[in-house]
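Just so it is clear: chains get the letters A, B, ... in the order the sequence lines come, proteins before strands, and each one is counted from 1.
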Protein chains: 2
Amino acid sequence: MLKRLYLKNPQDTLLGRQITTKALQLINTIGFEAFTFKKLALNIKTTEASVYRYFENKHHMLLYLVNQYWTHIYNVAQYHCQTEPKAKNRIQFILKLILNPELPEHKIHTSFDINALYQLVLWEGSKTYLTRNVNQFNKNLFFKPFKELSLLLAREIKIFHPTYKFSKSLASTLLEMAHLQHFYSLYLPSLTDAKKNQPRDVMRFLNQLLNM
Amino acid sequence: MLKRLYLKNPQDTLLGRQITTKALQLINTIGFEAFTFKKLALNIKTTEASVYRYFENKHHMLLYLVNQYWTHIYNVAQYHCQTEPKAKNRIQFILKLILNPELPEHKIHTSFDINALYQLVLWEGSKTYLTRNVNQFNKNLFFKPFKELSLLLAREIKIFHPTYKFSKSLASTLLEMAHLQHFYSLYLPSLTDAKKNQPRDVMRFLNQLLNM
DNA sequence: TAAAAATAATAGTAATACTATTAATAAACA
DNA sequence: TGTTTATTAATAGTATTACTATTATTTTTA
């Protein structure tokens, strides 16, 4: 019943790794709608059919890449939370992490370019669940990495504010808004108080939402 | 320089009105990605080429419909704000409006089905700006209705909390989250504290964000 | 080394996203 | 009123997309 996001694990072969690496670059360059397996294949001098041996379609590929991102963020967050004794600091760490995933103190090994994955999630992340397949994808646990991170943050919020009634909603709001306020600051500045490329501005806003 | 969202105003002809009405239904049924002008044309027994005489492409058509929604909401909000003396009540009215746009007290004439437009914005709204054309679209004022509503709400927040530093970010957050928390409650319930189809739950959360 | 298995490329197809051209209809005006 | 003009709609295309079935090649392993 439970399906994987790939037909064949792209990390197992050289071609597979080229496919995912170049797909990330190409989607970031031209956008997910304009991205096709044909263009990807031309870029790495293979064929469309070979790409199809790894991924059923481009939506699955997008979810695979987005999940690489959230899994990485979750792992870094989880690792840090184990050693940090104060809930307040744990929350601050997670917020800093989702705003600046490439900072030195956040580094844990991944084969992917974290900044590129951040860009991908910023632009294309919502498209993973804004589809009529959302229920089927959810059953297959395709959103597990994001949901686990959100629940981790919700638990920390609950520890910090035990009487607070909306920890899950607040956690997902913080995760979504970290990206969206950044996006607004770049492209729709009248929708935000954050200055262009000032994650600290977004941080201040998120902290205000947390009453911290 | 400034472009319109349509090539020919669909409200001016019977065929145009059929096109927009059926497009709204069809996108809501099958989703924007699966929606094509061909399918639309078959549905109203016209031809693809005729639809192209009204809209340059389906993305423009989506923006046209989404803007019908935000324009309507803005008008209702604006109208009510003129007569309501208390800023707190004006904010509450706007929040109720975006959560329940079809309530009797919100009714103002539109030729569109407001519930259908709400569904459309819930599922497809973000896709209007998550595109590489965002700057060009923004220059053409394609996001004006949403931005004006957000600024209206930001002004009311500023009146209510004159020292508050993030009124624009908070306004856009409330508008986005009203929809997203509802979506989560329906399809990804672990990301929210709101129960399925309980706009009051979302309302309580948004009020908490406002400290009201 | 030969057979089996895994991988990749070739060569398609149906559907999509348009466009150029022609036909039909309605409006303007002489 | 009849003719011209402008508007609107339909026909018939094309290049691209999103796949799939089949064949060829390479790698593994018995």
Atom-pair distance ([atom1] on [X]; [atom2] on [N]), nearest Å:
X	N	atom1	atom2	value
B/M61	C/dA17	CE	C1'	13 Å
B/F55	C/dC18	CZ	C1'	16 Å
B/D12	C/dA26	CG	C1'	15 Å
A/E48	C/dG12	CD	C1'	11 Å
A/Y54	C/dA8	OH	C1'	9 Å
B/E33	C/dA17	CD	C1'	15 Å
A/K38	C/dA17	NZ	C1'	18 Å
B/F37	C/dA17	CZ	C1'	9 Å

Check your understanding: Is it true that the side chains of B/Y184 and A/E176 contain a donor and an acceptor less than 3.5 Å apart?
Key -> yes

Check your understanding: Going by distance alone, is a donor N or O of one side chain under 3.5 Å from an acceptor N or O of the other, for B/S150 and B/S172?
Key ->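 No - no donor-acceptor pair under 3.5 Å links their side chains.
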
Exercise for review: Using five base pairs at each end, measure the axis-to-axis angle across the helix from C/dT1-D/dA30 to C/dA30-D/dT1 and round it to 10 degrees.
Suggested key: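 About 0° separates the two local helix axes.
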
Check your understanding: Does the B/N100 side chain pair with the main chain of B/K96, one donor and one acceptor, at a distance under 3.5 Å?
Key -> no

Practice item. Ignoring hydrogens and angles, tell me if any N or O in the side chain of A/S185 forms a donor-acceptor pair with the backbone of A/A194 under 3.5 Å. Key: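 No, the answer is negative, given that no donor and acceptor are paired below the 3.5 Å cut-off.
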
Practice item. May I ask you to say what A/T47 touches in the nucleic acid, namely base, sugar-phosphate or nothing, with a heavy-atom cut-off under 4.0 Å? Key: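 Base contact.
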
Check your understanding: In terms of the nearest nucleotide of DNA chain D, which residue is placed more toward the 5' end: B/K8 or A/E56?
Key -> B/K8

Practice item. Please find the earliest and latest nucleotides of DNA chain D, in the 5' to 3' direction, that have an atom within less than 4.0 Å of any heavy atom of chain A. Key: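 In short, chain A contacts DNA chain D from D/dT17 to D/dT20.
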
Review point. Does B/F137 have its ring centroid less than 6.0 Å away from the ring centroid of B/Y129?
Key: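 No, too far apart.
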
Review point. Which pairs, with at least one residue in residues 178-203 of chain A and sequence neighbours excluded, count as a salt bridge (charged side-chain N to carboxylate O under 4.0 Å, His left out)?
Key: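 For residues 178-203 of chain A, and leaving out neighbouring residues, the salt bridge (charged side-chain N to carboxylate O under 4.0 Å, His left out) pairs sorted by first residue read A/D201-A/R204.
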
Revision key, fill the gap. Sorted by chain and number, sequence neighbours left out, ring-ring contact (aromatic ring centres under 6.0 Å, His included) with B/Y54 holds for none

Check your understanding: Can you name the residues that form a ring-ring contact (aromatic ring centres under 6.0 Å, His included) with A/F35, not counting sequence neighbours?
Key ->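 A/F35 satisfies ring-ring contact (aromatic ring centres under 6.0 Å, His included) with no residue once adjacent residues are dropped.
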
Point to revise | OP1 or OP2 of C/dT16 under 4.0 Å from side-chain N/O of B/K39 | key: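 For C/dT16, OP1/OP2 do have a side-chain N/O of B/K39 under 4.0 Å.
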
Practice item. Please name all residues satisfying side chain to side chain contact (heavy atoms under 4.5 Å, CB included) with A/N75, sequence neighbours left out, ordered by chain then number. Key: A/T71

